[in-house]
Amino acid sequence: MSYWLMKSEPDVFSIDDLKKAPRKTTCWDGVRNYQARNFMKSMEIGDQVFFYHSNAEPSCIVGIAEVVRKAYPDHTALDPHDSHFDPKATPEKPIWEMVDVRFIRKFDQPLALEDLRPVAGLAKMELLRRGSRLSVQPVTPAEWKLVLKMAEKGGKK
DNA sequence: GCCAACGTTGGC
DNA sequence: GCCAACGTTGGC
């Protein structure tokens, strides 16, 4: 089983939206970056995902979701009226894919970037890398454990 | 709102 | 294949 982190702007789709969604599940559409797409293609059912709020105040890891469906074509790339439309995508070669994720839990205390930055064990975390913009990224088992432990302690180190 | 970092596009 | 221009992401 693998660990991941997925970003979403809470104004667009928050972890509360995920919790309120039918079957607490959503398709993760709109990813238009090849590296992020490739990570989604390698996801397996049962993989665990940190739900991250980007462009938030503050930006933070807010909880956990789980992969419940393996990668399949992202139909929004084929829809000219969708903001994620990609004219290069066709039904034969959809280019872009997505997975389905289901809500698992929300942290009592979200973990902000400033809480995570000083943690030695997280120094190499992709999320904390300078200039990192990857919206879907792998998390190592050690990082996963550490972040989870921090969440249990209420966000403080 | 600013702007650094990054990915993509397109002229050559 | 290079690289300048441009658009986007996302922290601050």
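The sequence lines fix the lettering, A, B, ..., with proteins before strands; numbering per chain opens at 1.
- dT9(C) atom P lies 17 Å from atom CG of L127(A), rounded to whole Å.
- In this structure, CZ of R37(A) is placed 15 Å from C1' of dT8(B), rounded to the nearest angstrom.
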Checklist entry - When you look at Y34(A) and W96(A), which way does the ring-ring contact (aromatic ring centres under 6.0 Å, His included) test go after all the steps? => result CA-CA 8 Å; Y34(A) 286 102; W96(A) 303 111; 4.6 Å; yes
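- Taking the six-membered ring for Trp, W4(A) and F51(A) have ring centres at least 6.0 Å apart.
- Put simply, the side chain of V147(A) does not reach to within 4.5 Å of the side chain of V119(A), judged on heavy atoms.
- Atom-to-atom, CG of D86(A) to C1' of dG7(C) comes out at 15 Å; the value is rounded to the nearest Å.
- Distance, L128(A) CG to dT9(C) C1': 16 Å, rounded to whole Å.
- Residue Y52(A) places at least one side-chain N or O under 4.0 Å from the OP1 or OP2 atom of dG11(C).
- Which of dT8(B), dC12(C), dG10(C) sits closest to the side chain of S135(A) comes down to dG10(C).
- Atom CH2 of W96(A) and atom P of dG7(B) are 12 Å apart (whole Å).
- Within the 4.0 Å cut-off from OP1 or OP2 of dT8(C), not a single side-chain nitrogen or oxygen of K7(A) is found.
- Dashed line: the shortest gap from a side-chain N or O of S59(A) to OP1 or OP2 of dG11(C) is under 4.0 Å.
- One atom, CZ of R129(A), and another, P of dC6(B), lie 6 Å apart when rounded to the nearest Å.
- In this structure, R133(A) atom CZ and dT8(C) atom P are separated by 11 Å, rounded to whole Å.
- Counting only distance, with no hydrogens or angles, the side chain of E97(A) and the backbone of M40(A) share no donor-acceptor pair below 3.5 Å.
- If you find the closest nucleotide of DNA chain B to N55(A) and to K88(A), the one lying nearer the 5' end belongs to N55(A).
- Checked for salt-bridge contact, K7(A) and E126(A) miss the test: no charged N lies under 4.0 Å from a carboxylate O.
- Across all strands shown, R32(A) has no heavy atoms under 4.0 Å from either base or sugar-phosphate atoms.
- Nucleotide dT8(B) holds its P atom 9 Å from the CD atom of Q35(A), rounded to whole Å.
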